[in-house]
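One-based numbering, in listed order, for ligands and for the atoms of each.
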Amino acid sequence: LGGTNLRIAAYAQEKGLLETLNLTTRRSVGRNAVIVDLIEAVQALRKTFGSTYSFAGVGVAAPGPMELPEGRLLDPPNLPGWENFPLRSELERALGIDVQVENDANVAALAECLLGQGQVLGVDSLCMITLGTGVGSGIVLRGSIWHGMNGMAGESGHVSVDYNGDLCPCGTRGCLELYASATGLVRMAEEMIAQEESFGLASLHTTSGGLSSGSLFELGRAGDPDAQKIFRRMGVALGRALAGLVNALNLPLYVLGGGVAAAWPLFAQWMFDELAYGSSLYRLTDPLHPPASIAAKAKTHVLPARLGACLLPFTASHWQRSGAKNDTMISANGRVAEDA
Ligand SMILES: [Zn+2]
């Protein structure tokens with residue numbers, strides 16, 4: 001259950017993925033319509049596979065913050081009108097089966113750890129930042145999700161990277177989400193159009209798809225300096241947030257996923273520069289630019305996610321940090337996860 005997409009999959013332990021239904025989250029119609037869509041989709045899959053398999057339960061990944069294990073959404077900024085909604089108990093009542101609710105970024109982090117970059121690097125702990133409609137994050141320690149005391153751990157999207165920055169709907173100024181989400185990218189572009197009369201950015205209003213994170217990316221890739229400035233701000237914001245995470249957690253791996261992570265070629269260099277500037281711990285463990293004399297043996301890896309659908313077709317070369325040596329740091333298939 002995402003702010004943009006509603007995806008429902010049937011999964012059997014012995015067979016794996018059986019079928020996936022992709023729907024759009026009818027956010028503007030309201031919560032009840034979305035819940036009905038979700039329930040009907042689950043029931044349709046139950047009908048299809050009910051004669052072959054027994055229905056064991058439902059797992060829902062939803063945007064936070066939420067209280068766990070109760071599965072009550074608290075105040076999800078990308079699902080307005082869902083405040084205090086008891087998602088788990090409402091679904092259990094409607095479906096008559098055990099339902100588990102988990103934060104979407106936590107589930108993405110666990111998947112990356114077990115089947116994605118964590119598996120590639122051979123590590124069992126990581127932090128994943130998801131860049132979609134909003135920005136979320138999940139922490140996996142020794143193979144298990146770190147929930148914090150009540151399931152609210154990993155709200156890195158609302159870590160401030162600029163106290164003098166714009167006001168976030170959460171009440172803080174300069175949150176990472178304002179600069180590194182799809183909504184944030186469009187917001188920055190609208191601001192520049194209003195202030196600087198950027199011809200290149202303004203022209204996106206008249207293109208077929210309109211002004212979106214995807215059209216901004218295309219414009220930036222085509223060389224537009226204003227679009228590139230926006231991805232630079234995104235990279236700097238990510239680098240600052242990562243510097244705090246790296247210093248606090250000292251994990252071997254940080255993964256960036258979600259549809260907006262596909263803009264990696266435009267923001268990664270700024271992100272790595274800011275990360276190296278802001279974290280001495282990163283500089284000591286930088287896998288690509290180790291300090292000459294006192295480099296630590298253990299390395300801090302920052303990589304795009306391996307799992308999930310990719311919004312933009314990239315080859316592996318797109319993931320390389322410029323000036324970096326070409327080595328196993330780079331995701332083999334260069335695919336990134338889409339917004340949950
Ligand atoms: Zn915020």
Side-chain angles (χ1 to χ4, degrees), residues 1-4 25 27 31 61-68 72-85 87 102-109 127-139 146-192 194 212-213 216 230-249 254-261 263 267 270-271 274-275 278-279 339-340:
L1 168 61
T4 309
T25 308
R27 209 158 46 147
R31 189 186 71 200
M66 65 179 65
E67 199 158 51
L68 296 175
R72 185 167 63 91
L73 304 187
L74 292 178
D75 186 15
N78 298 311
L79 286 175
W82 293 64
E83 295 80 14
N84 278 317
F85 183 66
L87 181 62
E102 183 56 86
N103 182 298
D104 51 10
N106 288 352
V107 179
C127 174
M128 176 163 181
I129 302 179
T130 54
L131 312 173
T133 315
V135 173
S137 68
I139 300 164
W146 171 251
H147 284 108
M149 66 175 174
N150 66 346
M152 291 161 73
E155 284 295 335
S156 305
H158 296 280
V159 164
S160 179
V161 293
D162 180 7
Y163 274 167
N164 298 315
D166 296 317
L167 191 63
C168 178
C170 79
T172 306
R173 280 192 181 275
C175 289
L176 174 63
E177 184 167 292
L178 294 176
Y179 310 100
S181 65
T183 347
L185 292 171
V186 170
R187 187 191 60 86
M188 286 189 280
E190 295 283 14
E191 260 177 32
M192 284 174 72
S212 67
S213 55
L216 271 177
I230 288 171
F231 287 101
R232 176 181 180 163
R233 285 178 76 187
M234 176 188 179
V236 169
L238 278 168
R240 284 183 189 170
L242 277 169
L245 289 167
V246 167
N247 277 6
L249 298 172
Y254 300 80
V255 176
L256 302 187
V260 184
F267 70 74
W270 308 113
M271 175 182 76
E274 192 71 13
L275 171 57
S279 169
D339 180 33

Taking 2.8 Å as the limit, list every protein N, O or S atom around the Zn ion (ligand 1), by chain and residue number. His158 ND1, Cys168 SG, Cys170 SG, Cys175 SG

According to the side-chain hydrogen bond (donor to acceptor under 3.5 Å, both in side chains) rule, which pairs have a member within residues 234-246, sequence neighbours left out? Arg240-Glu274

Side chains of Arg72 and Asn84, donor plus acceptor under 3.5 Å: yes

Side-chain donor or acceptor of Ser279 paired with backbone N/O of Leu275 under 3.5 Å: no

Given 3.5 Å as the limit, does a donor-acceptor pair link the side chain of Arg173 with the main chain of Gly165, or not? yes

With rounding to the nearest 0.5 Å, note down the distance linking CG in Leu1 to CG in Leu73. 7.5 Å

Establish, for the pair Arg187 and Tyr179, whether the NZ or CZ atom is under 6.0 angstrom from the six-membered ring centre and no further than 45 degrees off its axis. yes

